[in-house]
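Report on one structure; see the data block that follows.
The analysis underlying the following values was restricted to heavy atoms, covering all of them including side chains, and did not include hydrogens, waters or symmetry mates. Residue numbers begin at 1 in each chain, while the letters A, B, ... track the order of the sequences.
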There are 2 protein chains.
Amino acid sequence: MAVPSGPVAASTEAEVAMFDFVDAYDRAYEVAAEQHGLTPAQACVLGRLTRPWGMSELAGVLGCDASNITQIIVRLEARDLVRRETGPHDRRSRQIVRTPEGEARYAEFEGSFAFARSAVSQLSLAEQEQLTVLLRKALSSSPR
Amino acid sequence: MAVPSGPVAASTEAEVAMFDFVDAYDRAYEVAAEQHGLTPAQACVLGRLTRPWGMSELAGVLGCDASNITQIIVRLEARDLVRRETGPHDRRSRQIVRTPEGEARYAEFEGSFAFARSAVSQLSLAEQEQLTVLLRKALSSSPR
DNA sequence: CTTCTATGCTTTAGTCAATCAAGTATCTAC
DNA sequence: GTAGATACTTGATTGACTAAAGCATAGAAG
């Protein structure tokens, strides 16, 4: 469903614009993932693996339980998009690595997730800079 | 997990900023919903009901299957946040209406979903306008 | 070296969102 | 009044997610 969806009641123009933007972004992400046989969560995890990651490290950045990651990785591994290696120093830990197919699949996904790219392409360089500054400033109130 | 999460590889500053913003927005929505005993999808549906809606009408705007809406409404109804009335002219159809508790609950949710509000509050009025214009322009390439 | 505790991950069980296919009831048109 | 469309529900299946319990290994304390 790509929630959040639906502008809230007494919103300013800016709030509605943010809302619409986020909604469009989420939907585009979902669609692009699906086009390449990935769920959004799978695409998201696969995208992080530009280097080997531990399970709890992934759970950490993605803000979810380690057991959730286990399941997602199991599914990715079953499709040979990812490999689970035992940590070199600590044999309890795992190093999650993208396989070549995983690399390729993610590259394809990223290629068709045109949203951010085409959003940027609507703006001049100066506007891009402006937007970056405004978004960062808007974010400055929130944690993380 | 609030996907999308994780900046893509060769991204511009603006793309990363968009990404971070969307991610923060989604997470804040999720957290606020949970604080009031709602799932994001439930909050999202509840938020639409400022007037009576039909099931397929909801499915339409939210871009999902009608049977998905059925389930969400059933859960909301079980908690008395929503009522399902039979359509006055067409007895196949349903009019979904928020109960007073539903109204109250959503108002609480909206109150604690401070993200958009506090994001806006970081900006001057002129900046708010600028951001609105830029987001709309960025969106202008995408469908819907 | 042994035990105790903490850590890193997996397993299991449960909820919810989401989709698809099939079903029921009602409406509309002929 | 029957045929077909429409509005929704039901049932089955998949995946994301959480919480609790479990297992193996690591590190520390004795």
Problem - side chain to side chain contact (heavy atoms under 4.5 Å, CB included) against A:D80, all qualifying residues, sequence neighbours excluded - result: A:E101

Which residues share a salt bridge (Lys or Arg N to Asp or Glu O under 4.0 Å) with [X], sequence neighbours left out:
| X | result |
| --- | --- |
| B:R83 | B:E85 |
| B:D90 | B:R92 |
| A:R105 | none |
| A:R84 | A:E77 |

Handout entry: Pair of N/O donor and acceptor under 3.5 Å linking D:dA19 base with A:S67 side chain
Key =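 It does, because a donor-acceptor pair links the side chain of A:S67 to the base of D:dA19 below 3.5 Å.
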
Problem - side chain to side chain donor-acceptor pair (under 3.5 Å) partners of B:Q95, counting only residues at least two apart - result: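 Partners of B:Q95 by the side chain to side chain donor-acceptor pair (under 3.5 Å) criterion come out as none, since no residue qualifies.
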
Handout entry: Residues in side chain to side chain donor-acceptor pair (under 3.5 Å) contact with B:R136, at least two apart in sequence or another chain
Key =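 B:R136: side chain to side chain donor-acceptor pair (under 3.5 Å) contacts with A:D20.
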
Rounding to an integer number of Å, can you tell me how far [X] [atom1] sits from [N] [atom2]?
| X | N | atom1 | atom2 | value |
| --- | --- | --- | --- | --- |
| A:Q95 | C:dC9 | CD | C1' | 13 Å |
| B:Q71 | D:dG15 | CD | P | 16 Å |
| A:D65 | D:dG15 | CG | C1' | 16 Å |
| A:E30 | C:dA17 | CD | P | 14 Å |
| A:I69 | C:dT11 | CD1 | P | 15 Å |
| B:I72 | D:dT9 | CD1 | C1' | 14 Å |
| A:I73 | D:dA16 | CD1 | C1' | 14 Å |
| A:L62 | C:dC9 | CG | P | 14 Å |

Exercise for the section: Could you tell me whether B:T39 contacts a base, only the sugar-phosphate backbone, or nothing, with contacts defined as non-hydrogen atoms closer than 4.0 Å? Expected result: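 It contacts sugar-phosphate atoms only.
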
When you compare the protein's N or O atoms with those of nucleotides 2-8 of chain C, which come within less than 3.5 Å of each other, and at what distance?
| residue | atom | partner | partner atom | Å |
| --- | --- | --- | --- | --- |
| C:dT7 | O2 | A:R92 | NH1 | 2.5 |

Practice task
Sequence neighbours left out, what pairs pass salt bridge (Lys or Arg N to Asp or Glu O under 4.0 Å) with at least one residue falling in residues 117-133 of chain A?
Solution key: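 Every pair satisfying salt bridge (Lys or Arg N to Asp or Glu O under 4.0 Å) with a residue in residues 117-133 of chain A: A:E127-B:K137.
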
Completion exercise
Residues pairing under salt bridge (Lys or Arg N to Asp or Glu O under 4.0 Å) where one sits in residues 33-47 of chain A, two or more places apart or in two chains, turn out to be none

Handout entry: Close residues, residues 75-88 of chain B, relative to DNA chain C [heavy-atom separation under 4.0 Å]
Key = B:R75

Practice task
Enter the inter-axis angle for the ends of the helix from C:dC1-D:dG30 to C:dC30-D:dG1 (five pairs per end, rounded to 10°).
Solution key: 0°

Practice task
Report yes if a side-chain nitrogen or oxygen of A:T70 is closer than 4.0 Å to either non-bridging phosphate oxygen (OP1 or OP2) of C:dC9; otherwise report no.
Solution key: no

Problem - Pair B:F19 + A:F115: ring centers closer than 6.0 Å - result: no

Handout entry: OH-CG distance between A:Y25 and B:L139, expressed to the nearest 0.5 angstrom
Key = 12.0 Å

